[in-house]
Amino acid sequence: MPATVTEPGVVPPAISAVFTDGRSCTIQINKSRNPLLARQLLLGLADLVKPHGDLDRQSSVEGYCTGVRYFCDKLAESGFTGTAADLTRGVLAEFWLGRPHPINESKARAMLQRLDDNHAVLKPDVRALIDGRDFHRTPVSQPLKPYSEGEWARLTEVCQRIVKEDYAAYRQALEEAAQGCNPYENSWSLNNVRWAMATWGPERAEAVVDWRIPGHPSGLGRRLPYSIEKDTEVLFPSSGTVIAYQLLLGVYTGIVPDGLADLGLDDIDWAGETTVLLDYVKGRTAPESLVLSARASRLLQQWLDHSSLGRKLAPEADRGALWLHYSTAAKRWRTTREHWSRIKDWVRWTGLKDDTGQPLSIHRHRIRTSNAAMRERRSWQGSRRSTIDPNRSPRVEGDNYVTLGTAAQREMVNDIIADAQGDMLRRAQPPMVLTEESLAKLVREFPDRVAALELTDEVLTELVGGERDVFTAACADQLSGLHGPKGKPCPARPWVCLPCPLALFAPRHLPNLLRLRAFFSARWQEMTSAEFMAQFGVYAQRLDQILDPGVHFSAEALARASAEVADTDDELPLRAEERTVR
């Protein structure tokens with residue numbers, strides 16, 4: 001549903017939005033010094049909210065509304081109280097240059113652009129300024145580095161310990177509650193206190209504290225010797241327990257933090273007794289789903305059991321939230337994500353340390369990054385993708401975040417790219433194959449190749465006559481440096497000559513070409529198909545192209561040459577590690 005803005009003349013101006021997760025909000029711009037301009041900016045903001053734009057969270061809309069207040073109030077302080085149609089390039093330039101707030105500037109530009117797109121209120125020169133470069137560029141966020149293996153292991157161990165101990169205490173407390181009875185009718189005891197909490201809920205814990213012993217002469221009675229907060233947290237998970245469950249589920253699954261925090265019971269689809277399909281919303285994209293691993297499914301099932309008692313006693317409107325828990329400090333049920341300050345207290349309480357000995361900084365998005373890094377590290381043995389933010393594609397990383405510091409580095413990368421492109425073009429060229437050793441035939445059939453290589457008559461004669469032969473072919477220039485340093489003999493292995501543009505294949509090379517084919521056949525039997533294709537695939541394909549019967553050489557010529565092949569490694573110039581078992 002599109003976002004809506006209050007009608008003109010209504011003060012204060014406000015915007016209402018409904019998001020894809022079903023939540024809604026209404027935000028007012030109270031006490032604005034320019035309510036007309038504020039309403040116009042809200043019209044632009046409404047078009048930035050889904051389904052027309054990308055904003056899909058209340059916090060995002062609130063951030064833009066903060067930008068509306070700042071923009072209108074600060075312009076009013078400078079003397080501008082008109083509408084968007086009255087804005088000039090001078091007013092905007094003076095305002096933005098004098099106030100170095102890149103985030104507020106980018107938000108104001110975005111709202112003014114959408115406002116002008118839909119209502120055409122800006123002057124043409126003002127619109128050109130809005131579309132231009134920001135005066136204060138928003139700093140590019142750096143990808144979060146994954147936790148080190150030591151930090152990751154300590155975080156996982158602490159969360160697992162807390163979850164295990166708290167769940168065990170919860171199960172024991174349930175057993176004690178089952179053995180208790182109404183303490184008003186019987187003498188007080190720990191089992192009776194647990195029974196009261198499990199029956200009436202944590203809201204009546206204060207009444208339990210003030211129970212009086214019947215017949216006490218003073219009439220004041222005395223408090224029961226139990227820690228109500230401690231006993232409450234045993235039966236009803238506290239915020240610290242919830243943090244441990246959420247972090248551990250993030251460690252196991254790598255789900256985005258906002259997706260974890262907003263989960264509800266309706267998002268859990270049990271496909272059997274142990275398999276779970278979890279639906280969640282990723283704020284920057286759209287609804288996603290994930291089939292949980294076995295340990296993640298067990299953890300989720302344990303949490304549902306751990307919170308089942310509280311779910312029966314909580315207000316009905318809150319029971320659908322997955323992370324429902326009772327706050328003993330606020331004395332109320334909570335379903336929202338814990339504030340960052342509470343997580344810092346949790347880290348101090350658990351004693352978590354980073355590799356430098358300081359308290360470990362918990363960043364939920366960093367947990368997602370670390371999950372992907374550790375998964376790829378296990379699969380790829382230290383892949384470089386472990387240092388790249390998995391929330392972005394490799395193309396986005398390369399276009400926006402991977403930069404080279406010096407001109408020499410950029411030139412080196414450009415040379416590598418040029419070499420790779422040149423190599424692809426060279427491999428795409430057909431092989432130079434002569435069916436008869438004739439100089440005239442070479443010049444007639446390959447005029448472009450001869451001209452491109454700048455071959456002299458003397459070199460052409462040596463090529464055809466066999467004076468420039470290597471093992472596989474005749475080489476036009478062994479000192480060209482295509483596969484090694486320029487000015488020195490080519491160090492390439494025999495099969496590398498097959499796709500080389502300097503190679504000329506003649507009938508006299510057929511025996512060696514067939515020996516190379518026999519070598520490839522033996523390697524194919526000793527290697528996996530993936531290994532063979534990675535090492536010899538290009539060369540084997542080119543060899544099949546050259547030796548295809550009837551294309552370059554007749555079947556009779558191939559048969560005569562094959563009679564000279566003994567099919568042994570001694571026939572090829574191989575290194576010790578390249579020899580086959582045959």
Verify salt bridge (charged side-chain N to carboxylate O under 4.0 Å, His left out) between Asp131 and Arg109, making sure each step is shown before the conclusion. CA-CA 8 Å; Asp131 292 337; Arg109 284 177 180 266; over 6 Å; no
Run the side-chain contact (heavy atoms from CB on, under 4.5 Å) test on Gln302 and Arg298 for me, step by step, so that the C-alpha distance in whole Å, both residues' side-chain angles and the decisive distance to 0.1 Å come before the verdict. CA-CA 6 Å; Gln302 177 177 314; Arg298 289 193 298 269; over 6 Å; no
Walk me through whether Asp166 and Arg161 qualify under salt bridge (charged side-chain N to carboxylate O under 4.0 Å, His left out). CA-CA 8 Å; Asp166 289 0; Arg161 175 177 55 81; over 6 Å; no
Starting from the C-alpha separation in whole Å, work towards a yes-or-no answer on salt bridge (charged side-chain N to carboxylate O under 4.0 Å, His left out) for Lys50 and Asp54. CA-CA 5 Å; Lys50 284 189 176 182; Asp54 296 329; over 6 Å; no
Dump the intermediate steps for side-chain contact (heavy atoms from CB on, under 4.5 Å) on His306 and Thr241, then the final yes or no. CA-CA 10 Å; His306 199 161; Thr241 305; 3.9 Å; yes
Full working for side-chain contact (heavy atoms from CB on, under 4.5 Å) between Leu300 and Leu322: CA-CA 10 Å; Leu300 187 60; Leu322 178 62; 4.1 Å; yes
Stepwise side-chain contact (heavy atoms from CB on, under 4.5 Å) check, Leu155 with Ile367: CA-CA 10 Å; Leu155 174 62; Ile367 290 178; 4.2 Å; yes
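Considering only heavy atoms from C-beta on, Trp346 comes within 4.5 Å of Ile162 through its side chain. A 4.5 Å side-chain heavy-atom check between Thr369 and Lys145 finds every atom pair outside the cut-off. Between Met111 and Gln40 the shortest side-chain heavy-atom distance does not fall below 4.5 Å. Residues Ile243 and Ile362 are not in side-chain contact: their nearest non-hydrogen atoms beyond the backbone lie 4.5 Å or more apart. Using a 4.5 Å heavy-atom cutoff, the side chains of Lys353 and Glu151 are not in contact. Considering only heavy atoms from C-beta on, Val61 comes within 4.5 Å of Phe19 through its side chain. Using a 4.5 Å cut-off on side-chain heavy atoms (C-beta onward), Asp47 and Leu43 make no contact. Taking 4.5 Å as the limit, every side-chain heavy atom of Trp195 sits out of range of all side-chain heavy atoms of Gln179.
Rounded to the nearest 0.5 angstrom, Arg154 CZ and Glu157 CD are separated by 9.5 Å. How far OG1 of Thr6 is from CG of Leu42: 7.0 Å, rounded to the nearest 0.5 Å. The CD atom of Glu94 sits 10.5 Å away from the CG atom of Leu92 when rounded to the nearest 0.5 Å. Tyr70 OH to Glu105 CD: the interatomic distance, rounded to the nearest 0.5 Å, is 10.5 Å. Atoms NE2 and OG, from His325 and Ser327 in turn, are 6.0 Å apart once rounded to the nearest 0.5 Å. The CG atom of Leu48 lies 11.0 Å from the NE2 atom of His52; values are rounded to the nearest 0.5 Å.
A salt bridge does not link Glu316 to Arg319: none of the charged side-chain nitrogens sits closer than 4.0 Å to a carboxylate oxygen. With respect to the salt-bridge test (charged N to carboxylate O, under 4.0 angstrom), the residues Arg127 and Asp116 qualify.
In this structure a side-chain-to-backbone donor-acceptor pair under 3.5 Å is missing from Asn192 to Asn182. The main-chain N or O of Val251 is found under 3.5 Å from a side-chain atom of Asn371 such that the two form a donor-acceptor pair. Remark: side-chain polar atoms of Arg368 are paired, donor with acceptor, to backbone N or O of Gly254 under 3.5 angstrom. Judged by distance alone, with hydrogens and angles left aside, the side-chain atoms of Arg39 form no donor-acceptor pair with the main-chain N or O of Pro13 at under 3.5 Å. Judged by distance alone, the side chain of Thr350 and the main-chain N or O of Val347 form a donor-acceptor pair under 3.5 Å. Checked by atom type and distance alone, the side chain of Asn118 pairs as donor or acceptor with a backbone atom of Arg114 at under 3.5 Å. Between the Ser60 side chain and the Asp56 main chain, no donor and acceptor come within less than 3.5 Å of each other.
Between Leu41 and Cys72 the shortest heavy-atom distance is CD1-SG, 3.9 Å. Taking both residues in full, the closest heavy atoms of Val49 and Ala3 are given as CB-CB, 4.2 Å, listed atom of the first, atom of the second, then distance. Nearest heavy atom pair, residue Arg366 against residue Tyr147, reads NH1-CE2, 3.4 Å. Closest heavy-atom contact between Ala84 and Leu115: CB-CD2, 3.8 Å. In this structure, Ile15 and Cys65 approach most closely via the heavy-atom pair CG2-SG, 4.0 Å. Nearest heavy-atom pair across Pro12 and Gln28 is CG-OE1, 3.8 Å.
Arg311 meets the side-chain hydrogen bond (donor to acceptor under 3.5 Å, both in side chains) test with Ser307; sequence neighbours excluded.
If you check the side chains of Ser32 and Asn34, you find no donor sitting under 3.5 Å from an acceptor. Side chains of Asp318 and Thr335: no donor on one and acceptor on the other come within 3.5 Å. Under the 3.5 Å distance criterion, with hydrogens and angles disregarded, no donor-acceptor pair is assigned to the side chains of Arg334 and Ser239.
Under a cut-off of 6.0 angstrom, the local environment of CD in Glu7 is sparse, with at most 12 non-hydrogen atoms contributed by other residues, nucleotides or ligands.
By the 30° and 60° cut-offs, the orientation of the rings of Tyr326 relative to Trp333 is perpendicular.
Ring to ring, Phe95 and Phe80 are not that close: their centroids are 6.0 angstrom or more apart.
Each of Trp323, Tyr167, Tyr170 was scored for a ring pair (Phe, Tyr, Trp, His ring centres under 6.0 Å) with Trp303, with one residue passing: Trp323.
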